[in-house]
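The next block holds one structure in the form of structure tokens; read it before the comments.
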Number of protein chains: 2
Amino acid sequence: MDGMKPEAEAGQIALKEERHQYILELLGSEGRVLAADLSTRYKVSEDTIRRDLRELASSGKIQRVHGGALPRRAEAVPFVSRQQIDMESKIGIARAAADMIRDGQVVLIDGGTTNLRIASYLSRERLATIVTNSPPLALALADHPRLSVLMLGGNFVKEERVTTGIETIRRVESIRADLCFLGMCSLHPEVGITVGDQEEAYVKQAMIGASTEVVGLISLGKMGTSLPYLVGPASRLTRLITDASDEDVLNPYRSQGIEVTST
Amino acid sequence: MDGMKPEAEAGQIALKEERHQYILELLGSEGRVLAADLSTRYKVSEDTIRRDLRELASSGKIQRVHGGALPRRAEAVPFVSRQQIDMESKIGIARAAADMIRDGQVVLIDGGTTNLRIASYLSRERLATIVTNSPPLALALADHPRLSVLMLGGNFVKEERVTTGIETIRRVESIRADLCFLGMCSLHPEVGITVGDQEEAYVKQAMIGASTEVVGLISLGKMGTSLPYLVGPASRLTRLITDASDEDVLNPYRSQGIEVTST
DNA sequence: ACGATTTATGCAGGATACTGCCAAACTTAG
DNA sequence: CTAAGTTTGGCAGTATCCTGCATAAATCGT
């Protein structure tokens with residue numbers, strides 16, 4: 001009532017969007033931000049900063065940690081231990097994906113740790129044909145009583161645990177699938193679907209072409225990022241299953257005609 | 001701007017996640033880390049470092065050891081298989097088989113639990129091409145640094161964890177291998193090599209035909225038995241590796257011109 | 001212009017997380 | 001075996017976080 005702008009003088013950041021922008025820049029240059037530090041810097045309470053950070057984190061722009069935030073790093077862990085990362089979200093996504101499969105369908109399933117989890121949530125009553133280039137997935141389905149599993153051969157890429165190459169592609173091209181679950185390394189509304197390996201990109205392209213419906217499974221952390229090799233535009237997906245819930249993140253996909261399921 | 005690596009501000013690391021990231025990087029570049037060293041480096045107590053290491057270890061990202069930690073490359077997928085059967089004998093057989101492989105060779109390896117063990121005993125220096133219809137074997141080789149792995153596609157037989165069918169056979173027929181390790185379900189000097197599945201029998205036939213040398217791996221308990229589907233006469237084998245040592249059991253094979261290695 | 005609805009912010013509290021210290025148990029090396 | 005170094009689990013202090021609520025600013029509809 002008294003002073004219109006309590007402390008916000010020239011040079012001080014008073015608006016939320018401005019702070020967000022600035023936090024991102026700072027994160028880019030310093031590699032880390034602390035909640036307490038930001039609070040004194042912008043002359044706002046720590047609660048406000050925390051809200052800012054929470055918001056930025058929920059739209060996937062930063063990685064929130066106790067005490068502040070870090071830039072979202074590309075995971076430097078090419079091991080099996082990726083399975084542990086984001087467990088919670090992957091479970092939700094995988095379960096939603098498993099529920100999409102109907103009796104009698106032919107389903108293409110790509111590699112990746114999220115896709116691997118689909119196996120756990122497939123109803124044991126389900127009768128379908130699963131086609132995959134992921135040996136771990138085939139193994140995970142070995143205990144399922146009614147599924148028929150077709151393993152796609154090819155060169156085995158150790159890091160990703162999938163097969164690739166012309167052999168894999170040829171075989172995929174001779175299939176007509178109802179459904180395809182594509183493992184997403186990264187997805188960006190404008191850039192599209194991208195991966196870190198050229199061979200894998202070709203395989204994914206073939207899978208997209210072979211299937212009526214193409215479903216992308218992607219956790220929040222990978223949205224809005226991109227990698228060197230392009231698979232295709234995001235619009236090649238007919239559906240997106242994700243744990244992201246921020247409308248600003250999801251709407252760009254909806255406007256491209258992609259059905260979005262948020263778990 | 002170049003020197004913005006974490007090292008530059010090692011004394012100021014305040015966030016847990018930051019330390020974690022840094023520890024992983026350090027582990028990647030130095031090959032090991034010491035708790036006491038990390039403590040002075042980050043200016044936190046050793047207790048905190050130990051907690052960090054414990055946490056990283058429990059999520060599978062590092063291997064905790066007394067005094068510090070090591071990278072965790074050698075750890076493979078948590079196989080939940082029942083390979084306990086005949087452990088002792090299978091280890092000896094698998095080790096002898098692994099020793100047969102030479103640099104530059106193309107090696108066909110069939111499914112089966114004994115064959116799977118070959119992966120563990122393959123020298124990490126060995127440079128060769130492994131062709132297999134066993135997804136578990138391909139996975140077991142994923143941590144090997146120098147091998148090239150070709151996965152044979154086909155219908156996945158859940159009980160045996162191998163691929164079969166015309167697709168598998170066609171692909172095998174287009175290969176010229178130096179060596180072939182055949183998993184033996186049962187072997188009889190007169191009846192020959194037999195298995196419990198027709199499709200598998202065809203695949204094994206193709207493998208025998210595609211390889212210069214054919215090695216049968218068989219534990220004592222399976223010798224002298226037979227199953228419904230014939231792969232071919234015992235004489236199709238050029239070598240037999242077994243834990244049987246009874247001359248009466250082995251001589252019938254020797255007299256067919258088969259080299260016999262008893263472990 | 002006015003009140004009503006929405007949005008942003010700050011504050012209080014209870015809950016949670018992180019850290020350092022300590023004692024007991026354990027490991028490693030002589 | 002002992003001795004030194006290491007690890008673990010419990011404890012307490014502090015910092016950080018979240019929830020709900022109240023206030024202030026901004027937006028909106030009439």
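Every chain is numbered from 1, with letters handed out A, B, ... down the list of sequences.
For A:L34 and C:dA17, the CG to C1' distance is 16 Å, given to the nearest whole Å. Whole-Å rounding puts the A:E18 CD to C:dT9 P distance at 11 Å. Whole-Å rounding puts the B:K16 NZ to D:dA15 C1' distance at 14 Å. One can place CG of B:D37 at 16 Å from P of D:dG5, the figure rounded to the nearest angstrom. Atom CD of A:E17 and atom P of C:dA8 are 8 Å apart (whole Å). Rounded to a whole Å, the NE2 atom of A:H20 is 13 Å from the C1' atom of C:dT7. Atom CD in A:E55 sits about 16 Å away from atom P in D:dC17, given to the nearest Å. Here the C1' atom of nucleotide C:dC18 and the CD1 atom of B:I49 are 13 Å apart, to the nearest Å.
Rounding to the nearest 0.5 Å places CZ of B:R117 at 12.0 Å from CD1 of B:I93. Considering OH of A:Y253 and CD1 of A:I218, their distance stands at 6.5 Å, rounded to 0.5 Å. The structure places CG of A:L217 at 9.0 Å from CG of A:D110, a figure rounded to the nearest 0.5 Å.
Between A:R64 and D:dC17, a side-chain N or O to OP1/OP2 separation shorter than 4.0 Å is present. Side-chain nitrogen and oxygen atoms of A:R54 include at least one within less than 4.0 Å of the OP1 or OP2 phosphate oxygen of D:dT19. For the OP1/OP2 pair of D:dT7 and a distance below 4.0 Å, the side-chain nitrogens and oxygens of B:R51 include no atom meeting the criterion. For the pair A:S45 and C:dT9, the criterion of a side-chain N or O lying under 4.0 Å from OP1 or OP2 is not met.
Of all nucleotides listed (C:dC18, D:dC17, C:dG10), C:dG10 comes nearest to the side chain of A:T48.
If you find the closest nucleotide of DNA chain D to A:A35 and to B:G67, the one lying nearer the 5' end belongs to B:G67.
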Under the criterion side-chain contact (heavy atoms from CB on, under 4.5 Å), I'd like the reasoning laid out for B:E18 against A:L70: C-alpha separation, chi angles, the key distance, then a yes or no.
CA-CA 8 Å; B:E18 234 178 338; A:L70 296 173; 3.8 Å; yes
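Using a 4.0 Å heavy-atom criterion, one finds that B:A36 contacts no nucleic acid atom at all.
A pairwise comparison of heavy atoms in A:E160 and A:E200 identifies CG-OE2, 3.2 Å as the closest pair. The shortest heavy-atom contact between B:K158 and B:R161 is O-NH1, 2.9 Å. Of all the heavy atoms in A:R126 and A:H144, the pair that sits closest is O-CE1, 3.3 Å. The nearest pair of heavy atoms linking A:Y121 to A:A98 is O-CB, 3.4 Å.
Within the helix from C:dA1-D:dT30 to C:dG30-D:dC1, the inter-axis angle between the opening and closing five-pair segments is 40°, rounded to 10°.
Using a distance-only test at 3.5 Å, with no hydrogens or angles considered, no donor-acceptor pair links the side chain of A:N133 to the main chain of A:V162.
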Review item, side-chain donor-acceptor pairs of residues 32-40 of chain B, under 3.5 Å, at least two apart:
residue	atom	partner	partner atom	Å
B:D37	OD2	B:R41	NH2	3.4
B:S39	OG	B:V44	O	2.7
B:T40	OG1	B:D37	O	2.9

Check: protein-nucleotides 22-28 of chain C nitrogen or oxygen pairs below 3.5 Å:
residue	atom	partner	partner atom	Å
C:dC22	N4	B:D47	OD2	2.8

